[in-house]
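Following: one structure in structure tokens, then a few remarks.
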Amino acid sequence: MPELPEVETVVRGLRLVLPGRRITGVRLSAKTDFIDDPASLERELPGTRVTGIERFGKFMVIGLEREGGLEREGRGKDDGEIALLMHLGMTGQIVVTPAEAPVPPHTHMFLALDDGRELRYTDIRRFGRIRILLDGEREALIGRLGLDPLEMSEGDFRETITSRSAQIKALLMDQRVLRGMGNIYTDESLWRAKIHPRRLGTKLSEREVKALYKAIHGVLTEAIRSRGSSVSDYVDSDGQRGEFQLRHRVYQREGKKCFRCGGVIRRAIVAGRSSFFCPKCQRAPRSKRKD
DNA sequence: CTTACGGCCTGGGTGC
DNA sequence: TGCACCCAGGCCGTAA
């Protein structure tokens, strides 16, 4: 479910309610195989106060400070700052709700807050990730990620893309190249830029790269404005669905008419993922198979 | 280093 | 109704 616009929407929702709140308790379900070191959550989180929430691609980082941060001895560098890293995977949901509200199935983490509410993490498939970040680990994480698609310059984008020989679809979804793009927004951006998903990064023309840069920026900002795409089960931190799925031009439109040229949208596996495109206005590269 | 691919996990939809 | 099969917005580890 969640790509950059969905995660941004969740983060904005959390920023309205979490900063200043204190975590008073932690409860985990029996299935914590997707959590790195579950015991560290129970050890580190209680008693901390939320300082802010940041997003890096599809990762959320909740900043936390420990009250009277000097209490822990023998840790010279410890200034009381830690962070909670969360990734929603395919089916993760974060909701802040009254503690007495009914608990949906597959809810695996409950953070009790000092205002009587709970931050809950629900994830059917458990492809998400949760872990504590200590000093330096946050920089290490960011260092492994590529450019932020909304902050990169056109020059940086061109340099990054045209120096790679992989298929453009794979490049856009590779979090070490760009951070935040997933299957939906990649297909939508490629359609806008009239570029076939199987084209190779090195073979894109100057004007195609420029069109793609603009397409990505447009798709992502519009999707954020619509509070993300709810294709199946995405909801924001208030449990609300997004609306950008109403504006999809190719995603899940196999067999329907292209909004631009009237061609028939096709579906094919590219870079291991289901990919939607218009074979008429997104010309396939030669060689390989044609479509 | 880069690129390609299978696997992880559960549920919903489809076709027989 | 039951059941096998395919599909799903993510990432990671492995192999070439």
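Reminder, nothing fancy here: chain letters follow the sequence lines and each chain counts from 1. Remember, predicted model here, so these are calculated numbers, not experimental data.
Contact annotation: A/Lys31 side-chain N/O to B/dC9 OP1/OP2 distance is not under 4.0 Å. Close to B/dT2, at under 4.0 Å from its OP1 or OP2, lies no side-chain N or O of A/Ser165. Regarding contacts with the backbone of B/dG11, a side-chain N or O of A/His106 is found under 4.0 angstrom from either OP1 or OP2. Side-chain N/O atoms of A/Gln167 include none lying less than 4.0 angstrom from OP1 or OP2 on B/dT3. Note on A/Arg164: every side-chain N or O is 4.0 Å or more away from OP1 and OP2 of B/dA4. Contact between the side-chain N/O atoms of A/Thr91 and the OP1/OP2 oxygens of C/dA8 is not found at any separation under 4.0 Å.
Spacing between atom OH of A/Tyr185 and atom P of C/dG10 amounts to 10 Å, rounded to whole angstrom units. The nearest whole Å value for the distance from the CD1 atom in A/Ile168 to the P atom in B/dT2 is 15 Å. Between the C1' atom of B/dT3 and the CG atom of A/Asp174 lies a distance of 10 Å, rounded to the nearest Å. Rounded to whole Å, atom P of C/dG10 lies 20 Å from atom CG of A/Asp33. In this structure, the CZ atom of A/Arg273 is 14 Å from the C1' atom of B/dA4, given to the nearest Å. One can place CD1 of A/Ile124 at 16 Å from P of C/dG10, the figure rounded to the nearest angstrom. Between the P atom of B/dT3 and the NZ atom of A/Lys169 lies a distance of 17 Å, rounded to the nearest Å. With rounding to whole Å, A/His87 atom NE2 is found 8 Å from C/dC12 atom P.
In this structure, A/Arg253 is not positioned above the aromatic face of A/Trp191 in the sense of NZ or CZ being under 6.0 Å from the six-membered ring centre and within 45° of the axis.
Here the side chain of A/Arg126 is nearest to one of B/dG11, B/dT3, B/dC9, namely B/dC9. Which of C/dG10, C/dC11, B/dT10 sits closest to the side chain of A/Asn183 comes down to C/dG10. Listed nucleotides C/dC11, C/dA8, B/dA4 differ in distance to A/Ala166; the shortest reach to its side chain belongs to B/dA4. Of the candidate nucleotides C/dC12, C/dA8, B/dT10, C/dC12 has the atom nearest to the side chain of A/Arg129.
Test A/Gln167, A/Glu208, A/Gln282 against A/Arg199 for side chain to side chain donor-acceptor pair (under 3.5 Å) and you get one pass: A/Glu208.
Here, B/dG11 and C/dC12 have their P atoms 24 Å apart, quoted to the whole Å. Rounded to whole Å, the P atom of C/dC5 lies 16 Å from the corresponding atom of B/dG7.
A/Arg66 contributes no side-chain N or O that, together with a main-chain N or O of A/Leu45, makes up a donor-acceptor pair within less than 3.5 Å. Judged purely by atom type and a 3.5 angstrom limit, A/Thr107 has no side-chain atom pairing as donor or acceptor with the backbone of A/Val103. Formation of a donor-acceptor pair under 3.5 Å by the A/Ser230 side chain with backbone atoms of A/Tyr234 is found in this model.
For residues 250-260 of chain A, proximity to DNA chain C is found at A/Tyr251, defined as any non-hydrogen atom under 4.0 angstrom from a strand atom.
Between A/Ser237 and A/Val10, the shortest heavy-atom contact is OG-O, 3.9 Å. The nearest pair of heavy atoms linking A/Arg267 to A/Ser274 is NE-OG, 2.7 Å. Nearest heavy atom pair, residue A/Arg179 against residue A/Asp148, reads NH2-CB, 3.6 Å.
In terms of hydrophobic clustering, with Ile, Leu, Val, Met, Phe, Trp and Tyr side chains grouped at heavy-atom distances under 4.5 Å, A/Ile53 and A/Leu85 are assigned to different clusters.
Scanning for ring pair (Phe, Tyr, Trp, His ring centres under 6.0 Å) contacts around A/Tyr121 gives A/Phe34, with sequence neighbours left out.
Aromatic stacking is not marked for A/Phe127 over C/dC11, as the cut-offs of 5.5 Å for the centres and 30° for the planes do not both hold.
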Structure string for DNA chain B in dot-bracket form, Watson-Crick and G-U at under 3.5 Å, | interchain | .|||||||.|||||||

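Ring orientation note: the planes of A/Tyr213 and A/His217 are tilted relative to one another, at an angle of 30° to 60°.
Mapping A/Arg125 and A/Arg144 onto DNA chain C by nearest heavy atom places A/Arg125 closer to the 5' end of the strand.
A/Gly272 comes within contact range of no nucleotide atom at all, as no heavy-atom separation falls under 4.0 Å.
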